[in-house]
Amino acid sequence: MSSEKVYVWDLWIRCFHWLLVVLILSAWWTAREGGLLMKYHMFCGYGIGILVFFRLFWGVWGSQSAKFSEFIRGPRIVVRAILDLKIRQPEHYLTHNPIGGWVVIAFLLLLVVQFATGLFANDDLFNEGPLYANVTKLTSDWLTWVHHTNFNNLTALIIIHVLAIFFYRVWKREHLVGAMLSGYKYLSDKNKSMIRHGFFLPFATLLLSIAIICVIVNFRFNL
Amino acid sequence: MKKVLNVVVTLCVLLAFLGGAQAAPKPDDVVHYRQGVLMALGWNIGPMGAMVQGKVPFDKERFAFLADRVAQLAPMVVEGFDVSTKDAKSEARPELWENLPDFQKRMSDLASASQKLAIVAGEGDKAAMKRQFGVTVKMCKGCHDEYRVKH
C-alpha cells in the first residue's frame, strides 16, 4: 500500500482548534489569577463563544471533513471502532474517527454550557458576566457553581483527548497532531480532497458568529 | 436607705445580665456579624472595581472615600471567624478551622493591604491605586478559593 498525502483539515478548522487551545489556557489562567484579570477572562470567553458558533455552522455547511454528517456515526459503528482500537495499525479516516466524532460533540456541548453560564456568573467581588443584571444573585451564584463544576468536566475531557492523541501516536503510529498543524494526513488509498475552497463562505460564517456573540453579550431580558 | 439599696441591687442584676449577654454571643450571631462585615466590604469594593475597570469614570475622591471604609472594615472580619462558629450554618469550609493560623495570617495581610490602599488612594496616583486595588482584591479571592464553599 502506498500512502498518499491528503488535505484533510482546512485552514479554518486548524485555526479553530489551536485558537481554542490558546483561549482555554488563557481563560483558565486569568480565572485562576482573578481580580482585575477577569476582564481578559471574559474576552477569552467571548472568543471561545465565537469559535464554538463558527464550528457549529462549519459543521453544517463547511468543508466535508468538518461536517457533523460526515463523522457522527451510530452506536454499532462506534462499538466496532472501540473494538478496533486493539488493532495495531493506522486507521484511515478522512475526518474524526467514530469515537472522536462524539468527543467533538461532547467538547462543543461542554463549551456551550461553559460559555452560557459564564455570561451570568459573578465572583462576589466586582466582576460580573455581561448578563448578570438579568438574573437574581441566587441564580447567578448557582450558574457560577455550574461554571466552576463544568470546568472540571472540560479538564477531564481535555486530558482524555490528549491521552488519546498520545495513544494513536504510540500504538497506531498516527501523527494526528501533525495533521492538525499541516492539514495533511497520510492515507493509503485513493482519496478525494475534503476541503471546501473559497474565502467568502468561511469569512461570512465567522462574521455571523461574531454578530451572534455581540447580540448575546448585550442582551437584556427586561427590554 | 432601703429604697436606695433596692435600686442599686436591681441595677447590679440588670448590668450582670447585660454583661453576660455581651460576653458570649451566639454562634449564629457571630456568623451574621462576619457576613455583615463582608457584605459591607463588597458594597464598597464593587464601585471601586467598576472605576478601576473603566465601567464608570474614575473619581479619585470617591475612590479614596471607599478605600478608607475598606481599610476600616477589613480588620473587623477576623473577629467573626471565631471557633465557636465551627458548626454553625455558613459558607466556611471545614479547612478554614483546620488551618486557622493560615486564615488569620491572610486576614492580617488583607488588613495591611487595605490600609496601604487607603494611603495610596490619599496620595492620588491613579496607576498606584489600581495596582494596590489589584493586590487587595487578590487577597479576597485567595480566601474565597481556599476556605469558602464553592459557588
Side-chain angles (χ1 to χ4, degrees), chain A residues 26-46 110 113-114 116-156 214 217-220, chain B residues 34-56 58 62-63 66-67 69-70 73-74 77 90-93 106 109-110 113-114 117 120 126-151:
Chain A
S26 312
W28 164 76
W29 184 73
T30 48
R32 205 189 59 147
E33 293 294 306
L36 297 173
L37 288 186
M38 287 308 282
K39 186 171 146 191
Y40 303 104
H41 178 80
M42 291 181 217
F43 289 158
C44 292
Y46 306 150
L110 291 183
V113 170
Q114 198 64 3
T117 52
L119 295 170
F120 302 93
N122 77 86
D123 74 344
D124 261 342
L125 288 167
F126 56 90
N127 294 293
E128 287 136 13
L131 301 189
Y132 173 81
N134 295 308
V135 295
T136 61
K137 178 72 167 63
L138 210 64
T139 309
S140 170
D141 283 348
W142 180 68
L143 292 169
T144 306
W145 177 83
V146 176
H147 194 67
H148 290 158
T149 311
N150 189 52
F151 182 70
N152 298 336
N153 301 336
L154 200 56
T155 310
C214 288
V217 165
N218 293 296
F219 199 69
R220 291 291 173 271
Chain B
R34 76 186 183 218
Q35 285 173 344
V37 177
L38 287 164
M39 193 65 92
L41 269 174
W43 179 266
N44 292 289
I45 285 170
M48 293 171 87
M51 279 189 232
V52 168
Q53 288 179 317
K55 285 181 193 164
V56 299
F58 201 99
R62 175 130 182 90
F63 190 93
L66 295 168
R69 281 181 172 178
V70 169
L73 289 164
V77 181
S90 90
E91 291 190 346
R93 275 161 55 185
R106 285 164 183 264
D109 288 348
L110 172 71
S114 50
L117 178 63
V120 168
K126 200 169 132 182
M129 287 186 209
K130 286 185 177 181
R131 207 162 37 239
Q132 187 57 27
F133 181 75
V135 170
T136 310
V137 292
K138 229 180 142 170
M139 292 178 177
C140 303
K141 183 182 183 327
C143 281
H144 289 179
D145 286 352
E146 295 291 324
Y147 296 128
R148 193 176 64 159
V149 290
K150 295 265 182 269
H151 271 177

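Protein chains get the first letters and strands the later ones, always in sequence-line order, with residue 1 at the start of each.
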Side chain proximity check, [X] to [Y], heavy atoms < 4.5 angstrom:
X	Y	result
A:D124	B:K141	no
A:F126	B:M48	no
B:F133	A:L36	yes

- Message: Looking at every heavy atom in both B:V137 and A:G35, which two are closest together, and how far apart are they?
- Response: CG2-CA, 4.1 Å

- Message: A quick test of your reading: do over 12 heavy atoms of other residues, nucleotides or ligands sit less than 6.0 Å from OH of A:Y132?
- Response: yes

- If you draw a 6.0 Å radius around CZ in B:R106, do more than 12 non-hydrogen atoms from other residues or ligands fall strictly inside? yes

- Task: May I ask you to decide whether A:E33 forms a salt bridge with B:K138, counting only side-chain N to carboxylate O separations under 4.0 Å?
- Result: yes

- A:R32/B:D145 ion pair, N-O < 4.0 Å: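 Judged by the 4.0 Å cut-off on N to carboxylate O distance, A:R32 and B:D145 do not form a salt bridge.
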
- Message: Less than 4.5 Å to any heavy atom of chain A: does that hold for the side chain of B:K55, its backbone, both, or neither?
- Response: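 Just its side chain gets close to chain A.
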
- Message: Just verifying a value: how many Å separate A:L125 CG and B:L41 CG, rounded to the nearest 0.5 Å?
- Response: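 Spacing of CG (A:L125) from CG (B:L41) equals 10.0 Å.
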
